[in-house]
Amino acid sequence: MAPYKYRGALNIGFQLSITVGILIANVLNYFFAKIKGGWGWRLSLGGAMVPALIITVGSLVLPDTPNSMIERGQTEEARAKLKKIRGVDDVDEEFKDLVAASDASKLVHHPWTNLLQRKYRPHLTMAILIPFFQQLTGINVIMFYAPVLFNTIGFGDDASLMSAVITGIVNVGATLVSIYGVDKWGRRFLFLEGGVQMLICQAVVAACIGAKFGVSGNPGDLPKWYAITVVLFICIYVAGFAWSWGPLGWLVPSEIFPLEIRSAAQSVNVSVNMIFTFAVAQVFLSMLCHLKFGLFLFFAFFVVVMSIFVYYFLPETKGIPIEEMNQVWRSHWYWSRFVEEADYPNGGMEMSKGNHGPKNV
């Protein structure tokens, strides 16, 4: 539904909602922990019903997209919806392209089988590796277990919870930076800059913790400057993730899949993300006990690998209409061997200059 010029910023609204939710949860946990009697955790756990109810009620009034209406044969309703979204009456060209794309997608009877075709090799690779690398940046270690982590480092209970609130605020602020810059600076720039920033911060935090804790886990008396340094670099790390791999890990896969495999490819993308979110959450505490400061070096290694992957294998998708995305793979130094001209005999699609709809080229 988003115009391609603003697709990145609008898509990252999804990530912004997540970061705002994390911040609210951290703030509530901070105050719930102060409740006398130690029963505040029940409010933290039960409070999850509130967003669940909002989602449930909201789903009842959520409007359909023109694509969805066309898929179900509601063509006139889809045309009216498209006019409302674009704010213009002349949507014939875009509407015809949507109908044509819908008709073409209906000819695809086995999207999961098609996903394994040679021409979709780059799409499948991105659907698997981007969410895989996103989770192995180590961000969920920080966001899930920030109070545990800070408490282990040597902060008090209140201080560790407040540190989690601080990282939550940084997370929201940096996501706003991404919304501002993703369609200006490009996806690759943010990916690579964020990777370098996270790598440096992980190395510094590992050095700080290693210097004080060693392998014994007994830090002795921790000076105030040490605590400030650790929190500062963790916040810089969170900022690097929040304007790069956080939102872009969802944005880039959502804009590179053609309609005929989009549902299957997005399912793979989300499944890989959730599987590794679960896996990292389950093994983190054990890894912290065994690796100690080496845990940050473990994730730093994957930050290096994923940055190299982006540099060599991820093309820039800024300002490119989704319908024309196949041109990106055909012109890439590596993926062009999988996506050939014969795979798209009718050419690509390009947004018209008026930005009201796509046109055939």
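Nothing fancy with the numbering, it's 1 onward along the sequence.
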Are the side chains of [Y] and [X] in contact, using a 4.5 Å heavy-atom criterion?
| X | Y | value |
| --- | --- | --- |
| F31 | V27 | yes |
| S244 | M198 | yes |
| N269 | N273 | no |
| F284 | L295 | yes |
| W245 | V303 | no |
| P258 | M325 | no |
| P66 | F95 | no |
| H123 | W329 | yes |

Q202 and F233: CA distance, side-chain angles, deciding distance, side-chain contact (heavy atoms from CB on, under 4.5 Å) verdict
CA-CA 8 Å; Q202 285 169 325; F233 276 93; over 6 Å; no
Please check this pair: side chain of [X] against backbone of [Y], looking for a donor-acceptor N/O pair closer than 3.5 Å.
| X | Y | value |
| --- | --- | --- |
| Y237 | I139 | yes |
| D183 | A9 | yes |
| R118 | R337 | yes |
| R188 | Y311 | yes |
| S178 | A174 | no |
| W333 | Y312 | yes |
| S267 | S263 | yes |

Do you reckon [X] sits in the same ILVMFWY cluster as [Y], going by side-chain contacts under 4.5 Å, direct or chained?
| X | Y | value |
| --- | --- | --- |
| M69 | L82 | no |
| W39 | L28 | yes |
| W41 | I22 | no |
| L16 | L10 | no |
| F278 | V270 | no |

To the nearest 0.5 Å, tell me how far [X] [atom1] sits from [Y] [atom2].
| X | Y | atom1 | atom2 | value |
| --- | --- | --- | --- | --- |
| T175 | F14 | OG1 | CZ | 11.5 Å |
| F302 | F309 | CZ | CZ | 14.0 Å |
| I234 | T229 | CD1 | OG1 | 11.0 Å |
| S331 | N326 | OG | CG | 9.5 Å |
| I18 | Q15 | CD1 | CD | 4.5 Å |
| F301 | F298 | CZ | CZ | 9.0 Å |

Which heavy atom of [X] sits nearest to which heavy atom of [Y], and what is that distance?
| X | Y | answer |
| --- | --- | --- |
| I256 | M126 | CD1-CB, 3.5 Å |
| I236 | Q197 | O-NE2, 2.7 Å |
| G195 | S307 | CA-OG, 3.6 Å |
| L98 | I70 | CB-CD1, 3.7 Å |
| V172 | T19 | CG2-O, 3.5 Å |
| Y120 | N114 | CD1-O, 2.8 Å |

Walk me through whether S254 and N11 qualify under side-chain contact (heavy atoms from CB on, under 4.5 Å).
CA-CA 9 Å; S254 73; N11 187 291; 3.0 Å; yes
I'd like to know whether L136 forms a side-chain contact (heavy atoms from CB on, under 4.5 Å) with F299, so could you lay out the CA-CA distance, the side-chain angles of the two residues, the decisive distance to 0.1 Å, and finally the verdict.
CA-CA 6 Å; L136 287 177; F299 290 117; 4.2 Å; yes
Y334 and F313: ring pair (Phe, Tyr, Trp, His ring centres under 6.0 Å), yes or no, with the steps?
CA-CA 7 Å; Y334 179 77; F313 296 105; 5.3 Å; yes
Which of these, R262, K318, R7, sits in a salt bridge (charged side-chain N to carboxylate O under 4.0 Å, His left out) with E255?
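Running salt bridge (charged side-chain N to carboxylate O under 4.0 Å, His left out) over R262, K318, R7 with E255 returns exactly one hit, R7.
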Taking it one step at a time, do Q134 and F241 satisfy side-chain contact (heavy atoms from CB on, under 4.5 Å)?
CA-CA 9 Å; Q134 185 193 51; F241 176 86; 4.0 Å; yes
Do S68 and R72 have a side chain donor and acceptor closer than 3.5 Å?
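S68 vs R72: donor-acceptor pair found between side chains.
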